[in-house]
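The figures that follow rest on heavy atoms only: side chains count, while hydrogens, waters and symmetry mates do not.
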Amino acid sequence: MPPPSRKALESALDEIARGDATPSEAAAIIRRALAIEPPLVHRVYDALRDVTWRTLTSRSFGDELRDWFELFRHASALIGDGSAVAEKIRALADLLSQSSRFSEYQPLEEVLGRKHSKSVLKALGTAGKALKKSALKNLLGLEDANLSRVTGALQGSGLIERSSSGKEASFLLTELGERWVRKSNLLVESGSTSSDGWWLKSPFPLAVWDTDGSPVGANEAFRSLTTQNAEGDLPPLSDWRLDLTKTARDERRISGNTWQVEVGEGKWLQFVQKVMADGRYCTLADDISAQMELIRSLEHQLRIAAGAQASLQQELTDSERRLQAFRSATQEIKEGLVKVAASSNERIRNLLQNFAHSPGQARVPQELQEVGRSLDAIQYAVGNVMAPVDIVRREGLHVGWMNVGLTIRQSVNAANVMCAGEMKYKGDNILDAQSIHGPVSSMRVAMGHLILVGASHGGQLVDAGISGKKFFATLKAVRPAGQDAVTSFNLSYCKEVADRMGGSLIVQGSDSDREVLLKLNCPVDKAEARAKT
């Protein structure tokens, strides 16, 4: 058989380029094409280049791929080392090998099974054209990183192709991607095309822009609401937004796709923009003037309330400052009274002692004894009952020892002197042998108030003692007519001190309907039979 002619070999190489030859058939043709003189080196390269392109774009990574790879390496060896064409054919062989390995590591089924892959293919298939990355991002609600990861895998699998328009990328289905979308029944028939004017039938103000921002159309309601009444005067999306911002008196951004603008005196419009299934931008407009008037009214009232609150806060600050100054002044007066009372009391005691030990002296005047008793009452009341209103908060629960009987006797004596009362209590002699450990400052204040204030309303101390972890004192008083006993007897501060240290002041009825029992309870850490104070 005569060897094939040069023209026949060129025709056979074209068949290889078109994909009409198997690897074994192509190997025989290429060997003959490189054996004739001069060899068809460039025609062989062109045929193998087309085989590579067809294989990569069609994702035809079948069992024949290894045979093609070996054919490429064999053709490169026949051409000879040092030839630029041989190097290019080896590069094509490496490209086939790399694509085969990628296909093994990331099979098409695995790529399609990833999250969002089908959503991206469905969006591109429904649009029927290239979509910008921003349109895909808004349409699917994906972040940049997630979208780039999905499109990168789909692009590597040959399902989509990427192109650039300015600084923004666009994506389009490849032939393989279109076949897969049709095969998977992902296509959604869009009821809206540029010619059907579906937005014209909508009862709501609507405007539609294409994926690149070019105007598609708007209904009459949208034009009337936005004062764009001329036919066909809808500008590109970016220009429309810019014009709207320039003419707006005020603008508020509610979210990424919702904003409000004031387009006239008291006239507010709200726009909501969404990306449709085909990648277009649909904008819904609404007149919210009535709602904004209500919001403005509420905001005005809030500003008034905030101003009033600031004024009240300033008044409170001034009051606290004046109260602090008053406390400081009264504390000095209190200390002065205690000092004078103590000094006077000491002088009275010395005078009484001189009367008692001086022979021939007359009997101690009763008036002098009463003065000493009064000074004792004043000293005790000022030192132990006149505590500041925030004794527990300021001093904390300072604990110590307290002689119960002595404290009760001093409180009763102060109450009788200052209230001209005749309160008597016999149980304090028994309690003289008892000392309790607890928040003594707060206990003295609470008990002093109970006895002193109770005596001014005719109350009588009927019981006192120690029960477990509680010290208690009970005062009997005439029931106030139709009033709360604690408030009526001015014992609110006594109750507050008791509550703050963990005790209580309770009002109970007595056997007589005309009397009430006021029971004070104070916490006690421990009690001892021998007095510590």
Side-chain angles (χ1 to χ4, degrees), residues 17-20 48-69 72 91-193 210-212 275-281:
R18 292 194 301 269
D20 296 334
L48 296 181
R49 180 198 60 202
D50 291 347
V51 170
T52 304
W53 172 253
R54 187 179 62 255
T55 302
L56 297 180
T57 56
S58 64
R59 302 284 297 176
S60 301
F61 302 141
D63 297 335
E64 294 182 342
L65 187 61
R66 177 164 294 279
D67 295 335
W68 283 111
F69 173 76
F72 278 48
L92 293 177
D94 292 340
L95 188 58
L96 282 181
S97 177
Q98 180 67 19
S99 300
S100 178
R101 285 195 295 270
F102 178 83
S103 178
E104 293 175 1
Y105 295 145
Q106 297 194 37
L108 184 60
E109 292 74 13
E110 189 271 335
V111 173
L112 293 174
R114 293 183 180 179
K115 189 177 182 181
H116 305 305
S117 292
K118 293 181 180 179
S119 300
V120 172
L121 294 175
K122 179 180 178 180
L124 293 174
T126 303
K129 58 181 179 180
L131 290 182
K132 290 184 177 180
K133 184 178 180 180
S134 59
L136 271 177
K137 177 182 174 183
N138 294 332
L139 184 61
L140 303 178
L142 297 178
E143 298 295 335
D144 285 331
N146 288 337
L147 183 58
S148 297
R149 190 158 45 246
V150 175
T151 54
L154 293 175
Q155 187 179 355
S157 300
L159 296 171
I160 65 174
E161 60 182 20
R162 183 183 186 275
S163 61
S164 297
S165 176
K167 295 183 178 180
E168 188 171 11
S170 297
F171 298 95
L172 179 67
L173 287 178
T174 62
E175 182 179 351
L176 176 63
E178 291 177 353
R179 289 201 305 268
W180 189 90
V181 168
R182 287 195 297 269
K183 178 181 176 182
S184 304
N185 296 321
L186 287 180
L187 285 180
V188 177
E189 293 298 331
S190 175
S192 59
T193 64
D210 212 336
T211 56
D212 59 357
V275 180
M276 298 184 293
D278 59 359
R280 293 175 178 173
Y281 297 96

Under a 4.5 Å cut-off applied to non-hydrogen side-chain atoms, are [X] and [Y] in contact?
X      : Y      : value
Val181 : Lys122 : no
Leu159 : Leu173 : no
Trp180 : Glu175 : no

To the closest 0.5 Å, what do you measure between [atom1] ([X]) and [atom2] ([Y])?
X      : Y      : atom1 : atom2 : answer
Leu92  : Arg49  : CG    : CZ    : 9.0 Å
Ile160 : Ser170 : CD1   : OG    : 11.0 Å
Phe72  : Leu95  : CZ    : CG    : 9.5 Å
Lys132 : Phe171 : NZ    : CZ    : 13.0 Å

- Item | Given Leu136, Val120, Leu172, the one that forms side chain to side chain contact (heavy atoms under 4.5 Å, CB included) with Leu131 |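 Considering Leu136, Val120, Leu172, a side chain to side chain contact (heavy atoms under 4.5 Å, CB included) with Leu131 is found only for Leu136.
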
- Looking only at atom types and distance, does a side-chain atom of Thr174 sit under 3.5 Å from a main-chain N or O of Glu161, one as donor and one as acceptor?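 A pair under 3.5 Å: no.
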
- Residue pair Leu154 / Ser117: nearest heavy atoms and the distance that separates them: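 What the structure gives for the nearest pair is CD1-O, 3.9 Å.
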
- Closest non-hydrogen atom pair between Arg280 and Asp210, with its separation: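 Nearest heavy atoms, Arg280 then Asp210: CG-OD1, 3.8 Å.
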
- Check whether the side chains of Ser148 and Lys133 place a donor and an acceptor atom closer than 3.5 Å, and report yes or no.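 Yes, because at least one side-chain N or O of Ser148 sits under 3.5 Å from a partner of the opposite role on Lys133.
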
